[in-house]
Amino acid sequence: MPELPEVETIRRQLSQEIVGRKLNGKKIAGVRRRAKILIIDFIDGSSLIFHLKLTGQLIFNGERSSYTRRIFKFDDGSQMVFNDMRKFGWWKEVKKTKSIEENFGPEALDINLKNFKILLRKRPNAKIKPLLMDQKFIAGIGNIYSDEILFASGVQPIRQVKTLSEKEVERIWRNTKKILQEAIKYHGTSERSYVDAYGRKGNYLSHLKAYQREGKKCLRCRTTIKRIKLGSRSAHFCPKCQR
DNA sequence: CAATCGTCCTGCGGGC
DNA sequence: TGCCCGCAGGACGATT
């Protein structure tokens, strides 16, 4: 599922290819990301924004497939294909992105420890995993990386924020940065249909330590990884390493 | 205000 | 073998 690392991978690659080109006569000034949204800015101040949701793909010079919803053609003959098997994804032309951007909490990669602690204090009763996935709270983390962050931090997904020690909060903050950055380095996780802007799979899947490892042995202590339902989502964790 | 649940959609895998 | 059912999850809206 495209989360922050996947969208960021696509953003970096697309930026290399399309900045300076024209789309519908409008010159592209830059490509940004906010939360899991990809934003193509034009020099006239307007933007074209995308949300890939679960199965969206944006492929530079990709070819039409049965899942292609739209092809964006650039002035030099190159193109960008938007595929989406499940049809949850969307794109939109907007004059301003401000009202969209302000719906999100701080970027997961940008927030400092002090502000992360302040943020957590506002939600003492929330369970940590759903909170990390709440885009209004903190932006960019989804089901895969919340499991990975909490595994690395030794914290169970159901833990209430107010029960977290200072050290646990610091570990969660540090591992959020570490894991997201590592996943970007490997061009994301291709668990299902995710591919990057060149149609290639990401390589972080083999680095996952919790997500989708139910029934397998914990890579740290050999205990069997558990899966529980939290809200309507699945959470994977090691009952021994994570407390 | 916060937490939970249903909803959108389609491919896939388990079970009979 | 083939069919049916349920599951997967981002984010929004309705409900409690």
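Quick note on labels: first sequence line is chain A, next is B, and so on, each numbered from 1.
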Identify each atom pair where a protein N or O and an N or O of nucleotides 14-16 of chain C are less than 3.5 Å apart, giving names and distance.
none

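- By the rule that hydrophobic residues join a cluster once side-chain heavy atoms approach within less than 4.5 Å of another member, A:Leu131 and A:Ile144 end up as members of one cluster.
- Side-chain atoms of A:Gln13 come within 3.5 Å of backbone atoms of A:Ala197 as a donor-acceptor pair (strictly under, hydrogens ignored).
- Using a 4.0 Å heavy-atom criterion, one finds that A:Thr55 contacts no nucleic acid atom at all.
- Comparing the same atom, C1', in C:dG6 and in B:dG6 gives a spacing of 15 Å after rounding to whole Å.
- The aromatic rings of A:His51 and A:Trp90 sit tilted relative to each other, their planes meeting at an angle between 30° and 60°.
- The interatomic distance linking A:Gln212 (CD) with C:dC7 (P) rounds to 15 Å, in whole Å.
- Within the structure, every pair that satisfies the salt bridge (Lys or Arg N to Asp or Glu O under 4.0 Å) test and touches residues 213-224 of chain A, not counting sequence neighbours, is listed here: A:Glu214-A:Arg227.
- A nucleotide of DNA chain B counts as in contact with chain A when one of its atoms lies under 4.0 Å from a heavy atom; the first and last such, 5' to 3', are B:dA2 to B:dG11.
- Open room surrounds CD on A:Gln16; 12 or fewer heavy atoms of other groups in view lie less than 6.0 Å from it.
- Neither A:Val81 nor A:Phe60 shares a network with the other; the hydrophobic side chains, linked directly or stepwise wherever heavy atoms of I, L, V, M, F, W or Y lie under 4.5 Å apart, form separate groups for each.
- Remark: A:Lys53 NZ is packed, more than 12 non-hydrogen atoms of other residues, nucleotides or ligands lying under 6.0 Å away.
- Atom NE2 in A:His236 sits roughly 14 Å away from atom P in C:dC7 (whole-Å rounding).
- Annotation for A:Lys240: atom NZ does not count as buried by contact number, only 12 or fewer foreign heavy atoms lying within 6.0 Å.
- For A:Leu54 and C:dC7, the CG to C1' distance is 12 Å, given to the nearest whole Å.
- Heavy-atom neighbours of A:Lys127 NZ from other residues, nucleotides or ligands within 6.0 Å: at or below the threshold of 12.
- Of the two residues near DNA chain B, A:Gly231 and A:Lys87, the one whose nearest nucleotide lies more 5' is A:Gly231.
- For A:Asn103 and C:dC12, the CG to P distance is 7 Å, given to the nearest whole Å.
- Residue side chain A:Phe88 meets the stacking definition with respect to C:dG10: its ring centre sits within less than 5.5 angstrom of the base's six-membered ring centre, and the planes differ by less than 30 degrees.
- Atom P of nucleotide C:dG10 and atom CD1 of A:Ile100 are separated by 20 Å, given to the nearest angstrom.
- Cluster membership check: A:Tyr145 does not share its hydrophobic cluster with A:Ile158, using side-chain heavy-atom separations under 4.5 Å among Ile, Leu, Val, Met, Phe, Trp and Tyr.
- Between the side chain of A:Gln160 and the backbone N or O of A:Pro124, no donor-acceptor pair lies under 3.5 Å.
- At the phosphate of C:dG10, neither OP1 nor OP2 sits under 4.0 Å from any side-chain N or O atom of A:His51.
- Shown for residues 180-194 of chain A: residues whose heavy atoms fall under 4.0 angstrom of DNA chain C, namely A:Arg192.
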Self-check item: From CA spacing to verdict: side chain to side chain donor-acceptor pair (under 3.5 Å), A:Arg64, A:Thr68
Solution: CA-CA 6 Å; A:Arg64 180 184 292 278; A:Thr68 298; 5.4 Å; no

Practice problem: Starting at the 5' end of DNA chain C, write a dot or bracket for each base, bracketing those in Watson-Crick or G-U wobble pairs whose two distances are under 3.5 Å and using | for partners on another strand. | Solution: .|||||||.|||||||

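- Taken together through direct or relayed side-chain contacts under 4.5 Å among Ile, Leu, Val, Met, Phe, Trp and Tyr, A:Phe82 and A:Ile71 form parts of separate hydrophobic clusters.
- Without hydrogens or angle criteria, A:Ser65 side chain to A:Tyr67 main chain gives a donor-acceptor distance under 3.5 Å.
- Looking at residues 117-148 of chain A, you'll see A:Met133, A:Gln135, A:Lys136, A:Asn143 sit with a heavy atom under 4.0 Å from some atom of DNA chain C.
- Nucleic acid contact class of A:Phe104 (heavy atoms, under 4.0 Å, all strands): none.
- Judged by the 6.0 Å distance and 45° axis criteria, A:Lys26 is positioned over the aromatic ring of A:Phe42.
- Taking hydrophobic clusters as Ile, Leu, Val, Met, Phe, Trp and Tyr residues chained together by side-chain heavy-atom distances below 4.5 Å, A:Phe50 shares a cluster with A:Ile18.
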